Amino acid sequence: MSEAPQLKVSTRAEKALREAMERLFTGRPARTDGKLTKNNLWREAGVSRATMNRATDVLADWDDHIGRSPASLHDQRQTLEIADLRRQLKNNRQERQQLQDQVDAAATVIAVLLAENTALREQATKQSAVVIPLDRTHFISE
């Protein structure tokens with residue numbers, strides 16, 4: 001099986017890519033926002049995407065270095081922190097919903113108890129207003 005010929009780029013294009021890579025890794029971009037992306041690499045170098053894609057040695061160095069750069073480590077920490085905050089937010093939303101369900105259930109019970117209490121008070125008031133005549137014969141001694 002024959003291997004595909006390795007595509008190469010000009011010395012000038014490789015130099016531009018390596019200089020752009022260095023500027024991006026050191027946080028001193030000249031043409032981009034400085035994010036460590038391959039889109040920024042070819043733009044920062046002033047070459048086409050196709051030229052960058054043919055620079056396999058440069059891309060291998062990029063991939064090797066990207067995981068170790070301070071900016072990349074910062075991005076990785078931020079990504080982990082964002083994932084953790086999203087998990088916490090999801091848990092807090094679930095907890096808030098559970099608490100809201102408990103409040104709703106308690107409000108329903110309180111409303112029922114209030115109605116029962118009101119009915120019992122009305123019943124007690126009506127009963128105390130009724131006059132029951134006493135049989136006098138039991139109290140009068142002859």
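This structure is a prediction, so every number in the text was calculated from the model and none was measured.
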Arg86, Arg87, Arg93 screened by side-chain contact (heavy atoms from CB on, under 4.5 Å) with Leu89, the one that passes: Arg93

Nearest non-hydrogen partners of Ala45 and Ala20, listed with the distance: N-CB, 3.4 Å

Straight-line distance of Arg49 CZ to Leu41 CG, nearest 0.5 Å: 10.5 Å

4.5 Å side-chain heavy-atom contact, Met21 and Leu17: no

Trp42 side chain reached by Asn53 side chain, heavy atoms, under 4.5 Å: no

Electrostatic pair Arg18:Glu22 at N-O distance under 4.0 angstrom: no

Gap between atom CG of Asn117 and atom CD1 of Ile110 - 0.5 Å precision: 12.5 Å

Considering all heavy atoms, the nearest Val58-Glu14 contact: CG2-CG, 3.6 Å

Sole candidate of Leu59, Val47, Val9 that passes side-chain contact (heavy atoms from CB on, under 4.5 Å) when paired with Arg54: Val9

Test item: Leu24 and Thr32 side chains (from C-beta on) under 4.5 Å apart, heavy atoms: yes

Polar contact flag, side-chain donor to acceptor under 3.5 angstrom, Asn91-Glu95: no

Over 12 non-hydrogen atoms of neighbours within 6.0 angstrom of CD in Glu81: no

Nearest heavy atoms of Arg31 and Glu44, plus distance in Å: N-OE1, 3.0 Å

Short side-chain donor-acceptor distance under 3.5 Å, Gln88 and Asp84: yes

Electrostatic pair Lys35-Asp75, nearest N-O below 4.0 angstrom: no

Closest heavy-atom pair and its distance - Pro29, Gly34: CG-CA, 3.6 Å

Heavy-atom closest pair, residues Trp62 and Leu36: CZ2-C, 3.7 Å

Side chain proximity check, Ile66 to Lys38, heavy atoms < 4.5 angstrom: no

Donor-acceptor pair between Arg28 and Thr26 side chains, under 3.5 angstrom: yes

